[in-house]
There are 4 protein chains.
Amino acid sequence: MAIRQKCIKKRKALLNATLNLVNNNGFHDAPMSKIAKMAEVSPATIYIYFENKQDLINQLYLEVKSEFSTYVFKNYNEKDCIKDSFKQVWMNIADFKLNQIEASNFLSQCDNTPMIDEDSRQAGLKNLQPLINLWERGQQKGVIKLISPYLLYAYTVYPLSFLSNMKQKQTFVLSEKGLEEAFEAAWDSIKL
Amino acid sequence: MAIRQKCIKKRKALLNATLNLVNNNGFHDAPMSKIAKMAEVSPATIYIYFENKQDLINQLYLEVKSEFSTYVFKNYNEKDCIKDSFKQVWMNIADFKLNQIEASNFLSQCDNTPMIDEDSRQAGLKNLQPLINLWERGQQKGVIKLISPYLLYAYTVYPLSFLSNMKQKQTFVLSEKGLEEAFEAAWDSIKL
Amino acid sequence: MAIRQKCIKKRKALLNATLNLVNNNGFHDAPMSKIAKMAEVSPATIYIYFENKQDLINQLYLEVKSEFSTYVFKNYNEKDCIKDSFKQVWMNIADFKLNQIEASNFLSQCDNTPMIDEDSRQAGLKNLQPLINLWERGQQKGVIKLISPYLLYAYTVYPLSFLSNMKQKQTFVLSEKGLEEAFEAAWDSIKL
Amino acid sequence: MAIRQKCIKKRKALLNATLNLVNNNGFHDAPMSKIAKMAEVSPATIYIYFENKQDLINQLYLEVKSEFSTYVFKNYNEKDCIKDSFKQVWMNIADFKLNQIEASNFLSQCDNTPMIDEDSRQAGLKNLQPLINLWERGQQKGVIKLISPYLLYAYTVYPLSFLSNMKQKQTFVLSEKGLEEAFEAAWDSIKL
DNA sequence: CATGAATGAGCTTTCATTCAT
DNA sequence: TATGAATGAAAGCTCATTCAT
C-alpha cells in the first residue's frame, strides 16, 4: 500500500506539472524534461506512468474533465423548479470556471487546439447528460425555449469560459453582483 | 511594381500556410520547414519577411484580427434603433465566425493559448470600440441592461465562437432558423 | 534441489530468450527489458544470473558453442577409414547447421560482428581439435591435401553455414540428395 | 557543380564513417553522433543525405554491394575455357575479399544479422548473374557438376568469406601459394 | 532469490535559424 | 531578393543498470 501510494503521488505530481506548464507556456513549450523537473522525477520516470507525451496529455484531459463533471453536479438533485435546478448547476459551473482557473484554462486550450486525440475528446464529452436532461424537462414544461441544446449550452455555459479567461488574464473580475447578473443573462437567453 | 506584387504574394502565401498548419496541426506541430514547403519557398526566405517564428505568428494574428474587424462593421452605420444596429453587427460577426472558419478558429487558438505576445494581443483588442459605443448608447436609452461590456460580450458575441467550433468539428451546424434563434438568445440575454 | 532446479530453469529461459531476440531483431534491438519479458522474469533478475548484458551474451555464446561441439562428435570414434570418419563428423555438423538453425544462426552472428568479447571467442575456438587431428592423420596417410587446416575448414565446414543461412531465409533448402552432393563437394575439395 | 561536388563528398564521408564504425564497433555501437563526428559534420546534417539511420545503412549496403560486383567482373569476358573464365572471376572475388577487407567485412555483417531491410537485401542479390551463367555453360559442356548454383556458390565463393574473416582477425593470412591451393580446392569441389 | 520502480546517460531525430552563394 | 545546405541545441524517448523492499 505504501508503494501504491507513492506511485499515485508521482503520477499526480506529473499531471500537475503538465497542467501547470501547458497553461503557462503552451503545449509547444512544455517539454518532457521541464515536466520531469517540475515533478521532481527523472524524465525516464514519466514513461513508467504514461506511454508517451500524447498519452500524458490525453490522460490529464480526461482527469480534469472528470473533475469538472464531479463539480458540476455537486449537490444536484432534480427539483420541481426548473430554474432553481438550473441555477444550482450553473453556479457550480461558474464556481469551477472562476475558481479552478488552472483546470478551466487547460480545458479551454484542449477544446480550441488540436492537442488531444479525437478519441479522448469524444470520451470526455458525455459528462453533461444530466444537464441536457434538465433542459429537456424544462422544454416539456414550457419553461425553456425549444432550441438545440448546443444553443442552450452556447448561451448559458460557454460565456463562463470567456469570463474565466478574462479573470485569468486579470482583465476583468466578476463581483458577487456581476455573478448574479451573469446568471440572469444566461437564464434570460433561454427562458421562454 | 511587379516585383513588389510578387513580394506581397510570398508574404501572403506564408501567412496562409501558417494559418493552415497551425489550425490543423496546432502551433506545436507547425515547423518553419513545413510552412516554407506549403508556401513553396525556402525556409530561409521566411526570415526576409519575418523576424522569427514568433513575429510571423504575431503578424498573422494582427492581420486576421484586423480582417475580422473589417468584417464586423461592414455596412454599419449607426441607426436610430439600437436593436437593428446591434443585429447588423451581430450578423456580421456570425457571418465571419461561421463562414471564415479558418480565420475564426485561428483566433480562438490565439485567445486560449499563450502563443502570441501579450503586446500583440493588446494591440488586437481595440477593434470592437464601435460596438462598445453602441452598447453604451443602448444603455443610456434604457434598452440594454446596465452590466459590464465584458458581460455583454460574453453573452452575445462569445457564444458564436462555440458554434463556430462545433461547425468546424462537424458536430453541429446552424440552420437559417437556428441563426435567428441564436440572435434572439443573444438579444434576450442583454435587453432590458 | 527443487530450488536449484528452478534457478537453472530461469537461467535457461533467459538464455533462450536472448538467443531468440538476438536472432530475430539483432543484438542492437534485444534490450534487457524485452529479454526479461520473454523469459517472464523481472529485468532485475537477470543480474542475479549474469553480471551484465555482455556477460549474458558471452555465456550464451559459450553454451551454444559447446552444444555445437557435443553435436559434432556425437557417435564419433576414430575409424580406420579417414573418409568415413570425416563423413560422420561432417554429417553431424550438417545436422546441426541445418536443423538447429536458431543456434547456428546465432553463432554466425557472433562470428561476423564484434558483439562478443575476444576472450570468449578464443575460449570457444578449441572445440574442433579432434577434427583437426583427424585431418592431420588423413594428411599423414596421404588421403588429404597438405594444406592449412584453415583451408580445410573453409572448404568443408564453412559452406554449411551458407546453406544454413539460405535455409533460414527460406531461399534454398537442401534435399536428401543435395546433402550427399554437398558432402561429395566437401570431400572432393580436400581429398588428394 | 562545386556545390554538388561538396555534397557528394559529405555523403561519401558519412558512408565511410558508418562503414568504419559498424565494422569496428558493430551496428549497436555506431551511434549517429559518432558517425557525424567521424565524418566531421553535425548530426543534423546526416538527415539531409539520409532519411534515417536505417536508410543510411541500407544505402551503404547497396553501394558496397555494387562496388563488389564491379570488382567481380573486372576484366571478365567469356572465354572458351570454363576453368579459365571461372578462375578469373574467382580471383577477382578473392582479391576483393582479401584486400577490401573493410567492405567485405561489412557485407558479412549485413548477411548474418538482421540489420538491413529485406528489400535492400533482395535488391543487392542480383549481382552475380554472369557467374551463374558461366556455371550453367560449364554444366552444359560437362565440365561442372550438375548441382544447384547455391551449392556451387557455397563451395567456391563462400569459403573466401571465412578466409577474409580470418585475415581481418589476423588469425590466418593466405600466402600466394595458399591462394592457389584455395582455388584448386574450389575448383576440385565443383569440377566433374 | 526476486522484483517493480527508478534513473542518468545516451539514443535518434527535429527544429529555428544562419550562411555562402 | 532568394535559396539549399548546414547546424547547435534541444526534443521525445530508450536502455542497461540499481535499489528498496
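A, B, ... follow the sequence lines: proteins, then strands. Residue 1 opens every chain. Below, each value reflects all heavy atoms present in this structure, side chains not excepted, and no hydrogens, waters or symmetry copies. Here the structure is a predicted model, which means the values were calculated and not measured.
When each of D/P43 and A/M32 is assigned the nucleotide of DNA chain F with its nearest heavy atom, D/P43 is the one assigned upstream, toward the 5' end. Both C/I46 and D/D29 lie close to DNA chain E; mapped to their nearest nucleotides by heavy-atom distance, the more 5′-ward contact belongs to C/I46.
Pair assignment for E/dT13: F/dA10, on the basis of Watson-Crick or G-U wobble contacts that are both within less than 3.5 Å. In this entry F/dT18 has E/dA5 as its Watson-Crick or G-U wobble partner, both defining distances falling under 3.5 Å.
Of the candidates E/dT17, E/dT14, E/dT7, E/dT17 carries the atom nearest the B/N52 side chain, counting heavy atoms from C-beta on. Nearest nucleotide to the side chain of A/I48, out of F/dC13, E/dT7, F/dT1: E/dT7. Listed nucleotides F/dG12, F/dA5, E/dA16 differ in distance to A/P31; the shortest reach to its side chain belongs to F/dG12. Of the listed nucleotides (E/dT3, F/dC15, F/dT17), E/dT3 has the atom at the smallest distance from the side chain of C/A44.
The phosphate of E/dA6 (OP1 or OP2) has no side-chain N or O of A/T45 nearer than 4.0 angstrom. Residue A/S33 places at least one side-chain N or O under 4.0 Å from the OP1 or OP2 atom of F/dA11. One finds a side-chain N or O of B/Y49 lying less than 4.0 angstrom from the OP1 or OP2 phosphate oxygen of F/dA2. Contact check, A/S42 against E/dA6: no side-chain N or O comes under 4.0 Å of OP1 or OP2. Close to F/dA6, at under 4.0 Å from its OP1 or OP2, lies a side-chain N or O of D/K10.
Per the geometry, CD belonging to D/Q54 stands 15 Å off C1' belonging to E/dT13, to the nearest Å. One interatomic measurement links the two molecules: CZ of D/F50 to P of E/dT12, which rounds to 15 Å at whole-angstrom precision. The nearest whole Å value for the distance from the NZ atom in A/K9 to the C1' atom in E/dA6 is 17 Å. What separates CZ of D/R11 from C1' of F/dA6 is a distance of 18 Å, to the nearest Å. The distance from atom CG of A/L14 to atom P of E/dA5 is 14 Å, rounded to the nearest whole Å. Atom OH of B/Y47 is separated from atom C1' of F/dA6 by 14 Å (rounded to the nearest Å). For the pair A/K34 NZ and F/dG12 P, the interatomic distance rounds to 10 Å; values are reported in whole Å. In this structure, C/K37 atom NZ and E/dT3 atom P are separated by 14 Å, rounded to whole Å.
Two residues are said to be in side-chain contact when any heavy atoms from C-beta on lie closer than 4.5 Å; B/N20 and B/F106 fail this criterion.
Using modelled atom types and a 3.5 Å distance limit, the side chains of C/N58 and C/Q54 yield a donor-acceptor pair. Between the side chains of A/Q122 and A/E118, a donor-acceptor pair is found at a separation under 3.5 Å. Judged purely by distance below 3.5 Å, without hydrogens or angles, the side chains of B/K12 and B/N16 never pair a donor atom with an acceptor atom. For the residue pair B/D55 and B/Q59, a side-chain donor N or O sits within less than 3.5 Å of a side-chain acceptor on the partner.
By the 30° and 60° cut-offs, the orientation of the rings of A/H28 relative to B/F27 is perpendicular.
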